[in-house]
2 protein chains.
Amino acid sequence: MASKKYIKLRARWMRDEEIAFGPGKADLLAAIDRTGSISAAARDMGMSYRRAWLLVDTMNRCFRSPLVDSAPGGKHGGGARLTDTGRRVRQRYLEMEDALRALADEFEKDLKKDLR
Amino acid sequence: MASKKYIKLRARWMRDEEIAFGPGKADLLAAIDRTGSISAAARDMGMSYRRAWLLVDTMNRCFRSPLVDSAPGGKHGGGARLTDTGRRVRQRYLEMEDALRALADEFEKDLKKDLR
DNA sequence: ATTCGTTATGCACGGCAGGATATAGCGAAG
DNA sequence: CTTCGCTATATCCTGCCGTGCATAACGAAT
């Protein structure tokens with residue numbers, strides 16, 4: 001079969017019109033956890049610092065307690081770390097994603113019958 | 001509670017890099033079924049005819065058998081109708097959407113604890 | 001034959017999300 | 001006290017998606 005058929009799934013946790021959490025933010029949290037800073041995480045993911053900072057800002061504003069705490073100061077000074085809330089929320093989100101993915105996969109069989 | 005918290009879900013059936021089917025296309029099919037033409041459906045949904053036509057074109061190319069068949073000629077001449085495949089595929093998609101929605105809703109409870 | 005409302009297609013314009021860039025302030029290490 | 005890399009923020013720029021508009025051919029009804 002030459003063509004790839006699959007279901008692309010996206011789940012976003014909304015707060016009013018803002019995207020409180022989603023796949024991009026989950027990845028970003030992982031990168032921050034890995035690198036220890038917003039800017040290094042952004043570089044790592046090939047996204048602009050601006051965008052990464054905006055994502056973090058939105059998350060922190062949307063949740064009762066911040067998911068990332070950050071401090072200015074370079075090299076061995078500041079940086080950014082995931083809070084416990086951040087880790088827990090991300091975990092929860094991934095669990096939801098997995099559950100949805102598993103369910104969606106059940107429908108792929110029918111799908112492939114009709115899709116070219 | 002002043003702020004609205006909810007999960008926004010989107011599922012797309014992909015064929016390679018093209019979107020074979022999704023929420024917008026499902027709505028469009030309904031509108032075509034209702035109005036009997038692509039252009040009337042587009043007007044009805046407040047979208048451009050061009051976009052509606054592109055959506056139909058993509059659908060028809062991605063599936064083994066077309067979801068919409070259309071004929072030129074105005075007023076009482078041409079127009080567009082859903083094929084049986086079109087109706088069935090849309091139905092299947094809606095069922096999948098409902099199942100995913102129901103599952104996602106189970107996660108909303110946890111979500112609201114943390115969201116502001 | 002004329003009219004009307006389609007299908008089908010191309011092209012130019014506009015809005016906007018995100019990238020690039022600039023600047024200021026900070027904190028620890030050397 | 002200098003340097004380095006970070007946070008935080010503003011401004012400009014650009015690429016892309018979709019709308020709007022124009023055109024041509026068509027088919028049924030009048």
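Here is the naming used below: chain letters follow the sequence lines, and residue numbers restart at 1 for every chain. Predicted, not measured: the structure shown is a model, and the values here were computed from it.
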Q: Mind listing the residues from residues 21-32 of chain A sitting with a heavy atom below 4.0 Å of DNA chain D? Number order is fine.
A: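 Here the set is empty: none.
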For [X] and [N], what is the distance between atoms [atom1] and [atom2] respectively, to the nearest whole Å?
X	N	atom1	atom2	answer
B:Arg81	C:dT7	CZ	C1'	16 Å
A:His76	C:dA28	NE2	P	12 Å
A:Leu55	D:dT7	CG	P	14 Å
A:Asn60	D:dT7	CG	C1'	13 Å
B:Lys75	D:dC26	NZ	C1'	16 Å
B:Arg43	C:dG5	CZ	C1'	8 Å
B:Asp44	C:dT6	CG	P	12 Å

Q) Among C:dG5, D:dG5, C:dA8, which nucleotide sits nearest the side chain of B:Ser70? A)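 Between C:dG5, D:dG5, C:dA8, the one nearest the side chain of B:Ser70 would be C:dA8.
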(Q) How would you summarise protein contacts on nucleotides 11-26 of chain C per nucleotide, using B for base, S for sugar-phosphate only and - for none, with heavy-atom distances below 4.0 Å? (A) B------SBB-----B
Side-chain polar contacts of residues 9-21 of chain B - donor-acceptor pairs under 3.5 angstrom, sequence neighbours left out - could you list them?
| unit_1 | atom_1 | unit_2 | atom_2 | d |
| --- | --- | --- | --- | --- |
| B:Asp16 | OD1 | A:Lys4 | N | 2.8 |
| B:Glu18 | OE1 | B:Arg61 | NH1 | 3.2 |
| B:Glu18 | OE2 | B:Arg61 | NH1 | 3.4 |
| B:Glu18 | OE2 | B:Arg61 | NH2 | 2.8 |

Q: Ignoring backbone atoms, establish whether A:Ser39 has a side-chain N or O less than 4.0 Å from OP1 or OP2 of D:dG5.
A: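 Answer no for this pair, as no side-chain N or O of A:Ser39 is under 4.0 Å from OP1 or OP2.
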Please report, to 0.1 Å, the donor-acceptor pairs under 3.5 Å made by any side chain of residues 65-82 of chain B, with sequence neighbours excluded.
| unit_1 | atom_1 | unit_2 | atom_2 | d |
| --- | --- | --- | --- | --- |
| B:Ser65 | OG | B:Thr85 | OG1 | 2.9 |

Q.
Just to be sure I understand the rule, does A:Leu54 reach a base, reach only the sugar-phosphate, or reach nothing, if contact means heavy atoms closer than 4.0 Å?
A.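 Touches nothing.
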Q: Report which part of the nucleic acid A:Gly78 touches: base, sugar-phosphate, or nothing (heavy-atom distance under 4.0 Å, all strands).
A: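 The residue A:Gly78 makes no contact with any strand.
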Q: Sequence neighbours left out, what passes side-chain contact (heavy atoms from CB on, under 4.5 Å) with B:Glu95? Give chain and number order.
A: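 Partners of B:Glu95 under the side-chain contact (heavy atoms from CB on, under 4.5 Å) test: B:Gln91, B:Arg92.
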Q: State which residues pass side-chain contact (heavy atoms from CB on, under 4.5 Å) with A:Asp105; sequence neighbours excluded, sorted by chain then number.
A: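 Applying side-chain contact (heavy atoms from CB on, under 4.5 Å) to A:Asp105 gives A:Arg101, A:Glu108.
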Q: Keeping to residues at least two apart or across chains, list the salt bridge (Lys or Arg N to Asp or Glu O under 4.0 Å) pairs with something in residues 41-50 of chain B.
A: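 Passing the test, one end in residues 41-50 of chain B: B:Arg34-B:Asp44.
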Q | Set of side-chain hydrogen bond (donor to acceptor under 3.5 Å, both in side chains) partners for A:Arg51, sequence neighbours left out | A |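 Partners of A:Arg51 by the side-chain hydrogen bond (donor to acceptor under 3.5 Å, both in side chains) criterion come out as none, since no residue qualifies.
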Q) Can you list the residues that meet the side-chain hydrogen bond (donor to acceptor under 3.5 Å, both in side chains) rule with B:Asp114, with sequence neighbours excluded? A)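 Residues passing side-chain hydrogen bond (donor to acceptor under 3.5 Å, both in side chains) with B:Asp114: A:Arg88.
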Q) For the residue pair B:Ala104 and B:Ile7, what are the closest heavy atoms and their distance? A)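 Result for this residue pair: O-CD1, 3.4 Å.
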Q. Counting distance only, does the side-chain N/O of A:Arg64 pair as donor-acceptor with the main-chain N or O of B:Arg116 below 3.5 Å?
A.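 Not confirmed, A:Arg64 side chain does not pair with B:Arg116 backbone.
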